[in-house]
Amino acid sequence: MSAPLNVLVIDDEPPIRKLLRMGLATQGYQVTDAPNAKAALELMDTKPDLIILDLGLPDMQGLDLLRELRAKNESVPIVVLSSRADEGAKVHALDLGADDYVTKPFGINELLARIRAALRHQLQSQGERPIFRTGDLSVDLVRRIVKVGEREVKLSPKEYDLLRLFVQHAGKVLTHNLLLRELWGPSADSQYVRVYVRQLRQKIETHPDSPEYILTETGVGYRLRIPDELEQAK
């Protein structure tokens, strides 16, 4: 399967951390949690894909921690949880770099929707489409769900990384050397690219020997078919 998104939950209340672990796990997220600011800062080395931050922490002002988290990672989405509902607190948190602000008590479905919105916004700010489509192939870059028609395709983490790289450069020829360097490192065996492209085609192509999505540029590399609306605009 595709590698799950890693969510860092920072909250000093064990029941809240348990609720979030369970609720996020049902949606396929991988959850790491921290009961205080010190543990949270140490866990930043795990490079979370999203942070849920409670402002009422025992060892540091939540807004100070928000400032430090944003300094460590400028782009990671941060959703703030707080029992303070006043407008001033929300504005302050958003000005310091929070992507959204959810007031306690909260519903888990609302929080999940806010998380999805924050992830979509991050992708858009990076120039990526939340959902890429070409023909019957769709790649949801927020949920990491790949479909051909209505059929969901299960990919290994490396297969997904390869497909995402193609999506990021759709329509462009990616050389064997570039793919090898980006995904395995320059010293890796060059056969890795061919093996994983073949595996990916087996999963997303109707006829893997005559592919319509991942096209071969003989002697150079591969190219992902561009989105339909771009094809029509040519």
Is the backbone N or O of [Y] less than 3.5 Å from a side-chain atom of [X], with the two atoms forming a donor-acceptor pair by type?
X      : Y      : value
Arg17  : Asp11  : yes
Arg84  : Ala89  : no
Asp33  : Val9   : no
Thr32  : Leu8   : no
Tyr213 : Asp136 : yes
Asp100 : Ala118 : no
Glu212 : Glu205 : no
Lys158 : Leu183 : yes

Once rounded to the nearest 0.5 Å, what's the spacing between atom [atom1] of [X] and atom [atom2] of [Y]?
X      : Y      : atom1 : atom2 : answer
Ile145 : Tyr160 : CD1   : OH    : 9.5 Å
Leu137 : Lys147 : CG    : NZ    : 12.0 Å
Leu179 : Ser190 : CG    : OG    : 12.0 Å
Leu96  : Arg67  : CG    : CZ    : 5.0 Å
Ile226 : Thr134 : CD1   : OG1   : 7.5 Å
Leu57  : Leu63  : CG    : CG    : 10.0 Å

Measure across [X] and [Y] and return the closest heavy-atom pair with its distance rounded to 0.1 Å.
X      : Y      : result
Glu159 : Leu155 : OE1-CA, 3.4 Å
Ala34  : Leu43  : CB-CD1, 3.9 Å
Pro208 : Thr206 : CD-O, 3.6 Å
Val80  : Ala93  : CG2-CB, 4.5 Å
Ala37  : Met60  : CB-CB, 3.7 Å
Leu180 : Ala188 : CD2-O, 3.5 Å

Side-chain heavy-atom pair [X], [Y] within 4.5 angstrom cut-off:
X      : Y      : value
Asp49  : Arg144 : yes
Thr103 : Lys90  : yes
Pro48  : Leu50  : no
Thr26  : Ile108 : no
Lys203 : Lys154 : no
Leu24  : Ile115 : yes
Arg201 : Thr216 : yes
Thr175 : Val220 : yes

Carboxylate-amine/guanidinium contact [X] [Y], below 4.0 Å:
X      : Y      : result
Arg164 : Asp161 : no
Glu68  : Lys72  : no
Arg194 : Asp189 : no
Lys104 : Asp54  : yes

**OP:** Determine, step by step, whether Lys38 and Glu42 satisfy the salt bridge (charged side-chain N to carboxylate O under 4.0 Å, His left out) criterion, reporting the C-alpha distance in whole Å, the side-chain angles of both residues, the deciding distance to 0.1 Å, and the verdict.
**Re:** CA-CA 6 Å; Lys38 181 177 183 294; Glu42 291 172 353; 2.9 Å; yes
Is there a continuous path of hydrophobic side-chain contacts, each under 4.5 Å between heavy atoms, that joins [X] to [Y]?
X      : Y      : result
Leu119 : Leu20  : yes
Ile51  : Tyr29  : no
Leu111 : Leu53  : no
Val31  : Ile16  : yes
Val153 : Phe132 : yes

Original post:
So does Gln61 have more than 12 non-hydrogen atoms from other groups sitting under 6.0 Å from CD?
Top reply: no
**OP:** Would you tell me whether Ser82 and Tyr101 have side-chain atoms, one donor and one acceptor, within less than 3.5 Å of each other?
**Re:** yes
Subject >> From Asp95, Asp64, Asp99, residue fulfilling salt bridge (charged side-chain N to carboxylate O under 4.0 Å, His left out) relative to Arg70 >> reply: Asp99
**OP:** List the steps, then state whether side chain to side chain contact (heavy atoms under 4.5 Å, CB included) holds for Leu69 with Ile10.
**Re:** CA-CA 11 Å; Leu69 294 173; Ile10 308 168; 3.9 Å; yes
**OP:** Report the relative orientation of the aromatic rings in Phe166 and Tyr222; use parallel for angles under 30°, tilted for 30 to 60°, perpendicular for over 60°.
**Re:** perpendicular
Original post:
Is there a side chain to side chain contact (heavy atoms under 4.5 Å, CB included) between Leu81 and Val102 once you walk through the steps?
Top reply: CA-CA 5 Å; Leu81 298 180; Val102 178; 3.8 Å; yes
**OP:** Any chance you could lay out the side chain to side chain contact (heavy atoms under 4.5 Å, CB included) test for Ile204 and Ile214, step after step, and finish with the verdict?
**Re:** CA-CA 9 Å; Ile204 69 171; Ile214 301 176; 3.9 Å; yes
